[in-house]
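As the structure is a computational prediction, the values presented were derived from the model and not from experiment.
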Amino acid sequence: MGALLAAIITTAALAQPSTGAQAPSRKGSTEHIRAVTKAVDGAKIRSNAGSGADWPSHGLDYAETRFSKLAQVNAENVKQLGLVWSYNLESTRGVEATPLVVDGIMYATASWSIVHAIDARTGQRLWSFDPKVDRSQGFKGCCDVVNRGVALYQGKVFVAAFDGRLIALDAATGEKVWEQDTLIDRSRPYTITGAPRVFKGKVIIGNGGAEYGVRGYITAYDAATGKQAWRWFTVPGDPGKPFENEAMAKAAKTWDPSGRYWEAGGGGTAWDTMAFDPELNLMYIGTGNGSPWARAKRSPAGGDNLYLASIVALNPDTGKYVWHYQQTPGDNWDFTSTQPMILADLKIDGKPRKVILHAPKNGFFFVIDRRSGQFISAKPFADVNWASGYDAKGRPIETEIARVADRPREIIPSAYGAHNWHSMSFSPKTGLVYLPVQGVPVNLMDNKDWKHNGVRPGEPHSGIGWNVAMFANVEPPKSTPYGRLVAWDPVQQKEAWRHEHVSPWNGGTLTTAGDLVFQGTADGRFVAYHAATGAKLWETPTGTGVVAAPVTYLVDGKQYVSIAVGWGGVYGLAARATERQGPGTVYTFAVGGTAKAPDFVQYKLGALLQGVKYNPDHYKEGTAVYVSNCVFCHGVPGVDRGGNIPNLGYSSTETISNLDKFVFKGPFTNNGMPDFTGKLAAEDVDKLKAFIQGTADAIRPK
């Protein structure tokens, strides 16, 4: 008995930590989270690119390749992928976030900039943070109340709120560490939807709002303290005042001051893409469209209007301009260059080149030298009619239709872009870029009577602050919508393979060393393709359309694939390609997963509206009022079927009959719907009723 007791005491003593040693923290505990997230810095992001074990930065690595070297899940066993867990993001609007994952700790955002910390081992919530965005201001975003994700650095999570605040959170607890207002003028409708990045200890964020009339800029803040380090404007300000730097003075020479462009801001918002080359000590941003869209209104004498629709290289330490390449000089079509870019090292004409790969809205795939900004090549990756190509100096060869202003013309691609914000990926293994491509037809015509912030019946959303100086679809467009996944060879500048989808607006891509390309689709599927051949290898339903990009990572040595799902974005507000709907959801898969998927809910589409009394003489004027205030959110009554916002052509008779109770201090302002008090008159509401019911009657089967 004594010997047994002695053995127990000895065993217990051996089980105790030795003097000065620390017991390992439980995975998912506060101590564990604090330890693994504090280790995330520039060195970690660079070293992780070699292993792919974690997903610590928006595009996986500084080059934003979205190529993972993990190959446990591969072309041979991908058919065995199964659901491990799903997580409810509790959102009903668009989900565009790329989750970040470090040692099984996941950070994802939902609409309204809400951050979720998730234990990727279990799918359970660790914490969530709601920045309490004023939802009555949701209409200030052109393209849904979305957020594309967070940044992670030295124990902090950084989220940029829709209303323009940059917030640092404790990665372990979700408690706020610091907050900065990034907006230079709160009287202007600035918003933020993009994910911040951290380069060299600085959190960097741009903003959106060019449809409304703002001046673009990008700002860097000290990651530890939140103190502003530098700010770089993308377009010049009032030439009657001193320019901020030489780059702005240079840019001003390409704008016509007679248009008083600074009153509408000029645009150029840097609302999405960034990348970083530590060896060259250069960071790269893409800039946005002109404000207004019509160049003849913001710069009547013409001009390139630097630095609209450009890639710009900056010094990340100082924010100083280094070089630029303008992809769409004198932007006239909402051809932003804010789409994701990828840094790659390629052999071109037999010589190694450090390049940027970029597929902006304008439909051309660009290869640019990232040391100097020198143009290398550009070829169309989609249907294009505004330019026939690019000359040797890197300038577009515009077609006759490009600058037509006095009559409707269908520019292809449209303002939705041949490629929008949806992430692309690059595999050094295949040498291919995997690119979501689309066509969304729109017909445009300049508004010769445009005035900044004037209410202009028939000009899209001018009643709620848009300033595009163009009419849309005065005549119906003739082209056909499409969506596809394209594998593009950037050296040969040609398509390697494609897969046609049933709709535009499909999700971003991920490619892996396991010879796989993953993409979610608008019609509610998550699909894996063979990276070399394009053969479809696996798919699973997601319950609703997918717009975000997936990620992959290791947890305790096993490979997982996750994707955040939630239909939305500017196209998804009014249109959809699935009959199912549901809350925003993170799905996580692994080989052998057997978890049950959440229940899919059938989209409840009411009967076509009937019985609302109206004056047919009001129909034409009602059309103009509707386009100026409602169309991009609610779509065409009865023609579209609604996206994450209902189509009014399928509303109840009672709702439309009492439309004034919804447009004036209505119940949906907390969902982002504008309050039209003081913007619309009672007779305008009667005209809206005439258009909504009249259109439903016109399309009703006879």
With the threshold set at 4.0 Å, does a side-chain nitrogen-carboxylate oxygen contact exist between K297 and D446?
-> no
May I ask you to say whether R395 pairs ionically with D304, meaning some side-chain N is under 4.0 Å from a carboxylate O?
-> yes
Minimum heavy-atom separation for [X] and [Y], please, with both atom names.
X: D640; Y: Y650; value: O-CE1, 3.5 Å
X: N443; Y: P408; value: OD1-CB, 3.2 Å
X: P380; Y: V384; value: CB-CG2, 4.1 Å
X: I285; Y: M341; value: C-CE, 3.7 Å
X: V627; Y: G458; value: CG1-O, 3.3 Å
X: R188; Y: G213; value: NH1-O, 3.0 Å

Are [X] and [Y] side-chain neighbours, meaning at least one heavy-atom pair lies under 4.5 Å?
X: L608; Y: I699; answer: yes
X: I645; Y: R93; answer: yes
X: D238; Y: R260; answer: no
X: H461; Y: C633; answer: yes
X: N671; Y: R135; answer: no
X: W421; Y: C143; answer: no
X: T336; Y: W271; answer: yes
X: I411; Y: N332; answer: no

Check against salt bridge (charged side-chain N to carboxylate O under 4.0 Å, His left out), R165 and D163 | CA-CA 6 Å; R165 291 172 291 149; D163 59 13; 3.0 Å; yes
Does T509 have any side-chain contact (heavy atoms from CB on, under 4.5 Å) partners at least two apart in sequence or in another chain, and if so, which?
-> S425, Y434, P436, L485, V517, Q519
W232 and Y307 aromatic centres sub-6.0 Å |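 Centroid distance W232-Y307: below 6.0 Å, so yes.
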For the residue pair [X] and [Y], categorise the inter-ring angle as parallel (less than 30°), tilted (30 to 60°) or perpendicular (more than 60°).
X: Y390; Y: F364; answer: perpendicular
X: F632; Y: Y416; answer: perpendicular
X: F381; Y: H419; answer: perpendicular

Would [X] and [Y] count as having a side-chain donor-acceptor pair, cut-off 3.5 Å?
X: E410; Y: S479; value: yes
X: S628; Y: R456; value: no
X: Y619; Y: T695; value: yes
X: N305; Y: R295; value: no

Distance-only, no hydrogens or angles: does the [X] side chain make a donor-acceptor pair with backbone N or O of [Y] under 3.5 Å?
X: D144; Y: G94; result: yes
X: N647; Y: G638; result: yes
X: S310; Y: L308; result: yes
X: Q693; Y: L609; result: yes

Hey, mind stepping through Y603 and T578 against side-chain contact (heavy atoms from CB on, under 4.5 Å) and telling me if it holds?
-> CA-CA 8 Å; Y603 192 98; T578 174; over 6 Å; no
Within a reach of under 6.0 Å around CZ of R407, are more than 12 heavy atoms found that belong to other residues, nucleotides or ligands?
-> no
If you count the non-hydrogen atoms of other residues, nucleotides and ligands that lie under 6.0 Å from CD in E654, is the total more than 12?
-> no
Chi angles and distances behind the salt bridge (charged side-chain N to carboxylate O under 4.0 Å, His left out) call for E579, R641 = CA-CA 10 Å; E579 295 304 321; R641 300 182 305 147; 2.2 Å; yes
Verify side-chain contact (heavy atoms from CB on, under 4.5 Å) between N467 and W450, making sure each step is shown before the conclusion.
-> CA-CA 8 Å; N467 280 280; W450 174 84; 3.4 Å; yes
Where do V546 and T521 land on the side-chain contact (heavy atoms from CB on, under 4.5 Å) test, with the steps shown first?
-> CA-CA 5 Å; V546 186; T521 67; 5.7 Å; no
For P441, which of P481, P504, P413, S414 qualifies under side chain to side chain contact (heavy atoms under 4.5 Å, CB included)?
-> P481
W333: which of T328, N289, N362 passes side chain to side chain contact (heavy atoms under 4.5 Å, CB included) | T328
Non-neighbouring partners of F233 that pass ring-ring contact (aromatic ring centres under 6.0 Å, His included), sequence neighbours left out |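 Expected list: Y217.
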Sequence-distant partners of H634, ring-ring contact (aromatic ring centres under 6.0 Å, His included), two or more places apart =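 Scan of H634 (ring-ring contact (aromatic ring centres under 6.0 Å, His included), adjacent residues dropped) gives none.
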For K379 and W488, run side-chain contact (heavy atoms from CB on, under 4.5 Å): C-alpha distance rounded to whole Å, both residues' side-chain angles, the deciding distance at 0.1 Å, then the answer.
-> CA-CA 11 Å; K379 295 292 181 181; W488 187 265; 4.2 Å; yes
Tell me whether the guanidinium CZ or amine NZ of R576 lies under 6.0 angstrom from the six-membered ring centre of W567 and within 45° of its axis.
-> no
Go through the steps to decide whether R215 and E244 satisfy the test salt bridge (charged side-chain N to carboxylate O under 4.0 Å, His left out), and finish with yes or no.
-> CA-CA 13 Å; R215 184 187 182 195; E244 290 83 2; 3.0 Å; yes
